[in-house]
Amino acid sequence: MLVQGTGGVSIFGLQIASALGARVLVTSSSDAKLERVKALGAGEGINYARTSEWEKEVLKLTAHAGVDHILEVAGGKSLAQSIAAIKPGGQIAVIGILANFSSDFPIFSLLLKQVILRGISVGPRRALEDMTRKFEQLQLHPVIDTVYPFGDALAAYDHLYRGAFGKIVIRVTG
Ligand SMILES: NC(=O)c1ccc[n+]([C@@H]2O[C@H](COP(=O)([O-])OP(=O)(O)OC[C@H]3O[C@@H](n4cnc5c(N)ncnc54)[C@H](OP(=O)(O)O)[C@@H]3O)[C@@H](O)[C@H]2O)c1
């Protein structure tokens, strides 16, 4: 599996996949963050700021097989890179649009590889309940970068904009 970046969505993706026994590759713009993801079970890290063609590195690390799943949080040109890095028959879950709302990607590769491209929005309550039950079983806890009091909500959004490692929390009560 491949997760992109070290924000809240991707870190949770890494935690879930690695708790279920998957080998997880992580991309990040920061070497320091790539060190931190190892403690959460990441197999290998790729610095996408230094290695802009990160999909080639993914292929190298997987003996040119590609990965089974990608959590796509960037959009834009990253989607074409994900199609290059995925295994035939693999799934790309498009959950975020951090880079660009439009994308130009090779339809022929998508077709030849029989890639499953799935848009992800919020799920039903039952899925959330199933997930939290599983989290309890696996003893999986969210990685929280910083908790801000409600009065500092603007600083919390600034932090999110700069890039957090895991989740940013705004405490609403207490
Ligand atoms: N569909 C849904 O239901 C749903 C739910 C929640 C969130 N989202 C969306 O999912 C996306 C991620 O959410 P989040 O809460 O994880 O955001 P976040 O915490 O703000 O994630 C920011 C991190 O993403 C990485 N990143 C930024 N631009 C990137 C790029 N071009 N390529 C690769 N990585 C990049 C960076 O990691 P490094 O610092 O390591 O480089 C950055 O620190 C957002 O677009 C959000 O709106 C969707």
Side-chain angles (χ1 to χ4, degrees), residues 1-19 24-59 61 66-67 69-86 91-105 116-132 134-135 140-148 152-172:
M1 162 138 189
L2 172 89
V3 300
Q4 300 174 338
T6 56
V9 167
S10 300
I11 291 288
F12 239 150
L14 158 66
Q15 288 179 281
I16 296 165
S18 92
V24 188
L25 310 185
V26 181
T27 64
S28 176
S29 56
S30 150
D31 287 338
K33 289 179 178 178
L34 287 175
E35 269 311 307
R36 289 179 71 186
V37 292
K38 290 201 179 129
L40 298 169
E44 291 93 350
I46 303 165
N47 186 318
Y48 67 83
R50 217 172 30 240
T51 309
S52 60
E53 294 184 318
W54 52 262
E55 70 283 13
K56 292 187 177 161
E57 200 55 33
V58 172
L59 291 173
L61 289 167
V67 290
H69 292 274
I70 296 181
L71 209 49
E72 174 67 59
V73 295
K77 74 179 175 65
S78 169
L79 196 49
Q81 295 177 279
S82 289
I83 291 169
I86 198 88
Q91 294 201 38
I92 302 173
V94 182
I95 190 164
I97 325 161
L98 288 164
N100 203 318
F101 276 65
S102 292
S103 183
D104 193 2
F105 58 83
I116 300 163
L117 199 57
R118 184 192 296 267
I120 304 272
S121 187
V122 286
R125 178 183 173 139
R126 183 201 44 77
L128 182 70
E129 286 171 353
D130 287 352
M131 187 182 78
T132 45
K134 192 72 188 171
F135 280 6
L140 216 151
H141 301 281
V143 174
I144 296 172
D145 184 312
T146 311
V147 179
Y148 288 87
D152 289 340
L154 286 180
Y157 280 102
D158 277 345
H159 191 161
L160 196 63
Y161 185 71
R162 288 196 307 275
F165 187 87
K167 301 282 182 191
I168 294 289
V169 174
I170 299 172
R171 195 181 293 285
V172 179

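Computed over heavy atoms, backbone and side chain alike; hydrogens, waters and symmetry mates excluded. All ligand and atom numbering here is 1-based and tracks the order in the structure.
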> Are D130 and R126 within salt-bridge range, i.e. N to O under 4.0 Å?
Replying inline: yes

>> Please find the pair of heavy atoms, one from S10 and one from V73, that lie closest to each other, and give the distance.
In response: OG-CG1, 3.8 Å

> Taking S29 for the side chain and A49 for the main chain, is one N or O donor matched with an acceptor at less than 3.5 Å?
Replying inline: no

> If only atom types and distance count, is the side chain of T132 paired as donor or acceptor with the main-chain N or O of E129 below 3.5 Å?
Replying inline: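 Yes; judged by distance alone, with no hydrogens or angles, the pair exists.
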
> Who are the residue neighbours of ligand 1 when the rule is a heavy atom under 4.0 Å from any of its atoms?
Replying inline: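 Around ligand 1, where the cutoff is 4.0 Å for heavy atoms, the contacting residues are G5, T6, G7, G8, V9, S28, S29, K33, Y48, A74, I95, G96, I97, L98, A99, I120, S121, V122, L160, G163.
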
>> I need the single residue from E55, E72, K56 that forms a side-chain contact (heavy atoms from CB on, under 4.5 Å) with Q81. Which is it?
In response: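 Only one option passes, and that is E55.
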
> Between S82 and W54, does a side-chain contact (heavy atoms from CB on, under 4.5 Å) hold up when you go through it step by step?
Replying inline: CA-CA 9 Å; S82 289; W54 52 262; 3.6 Å; yes

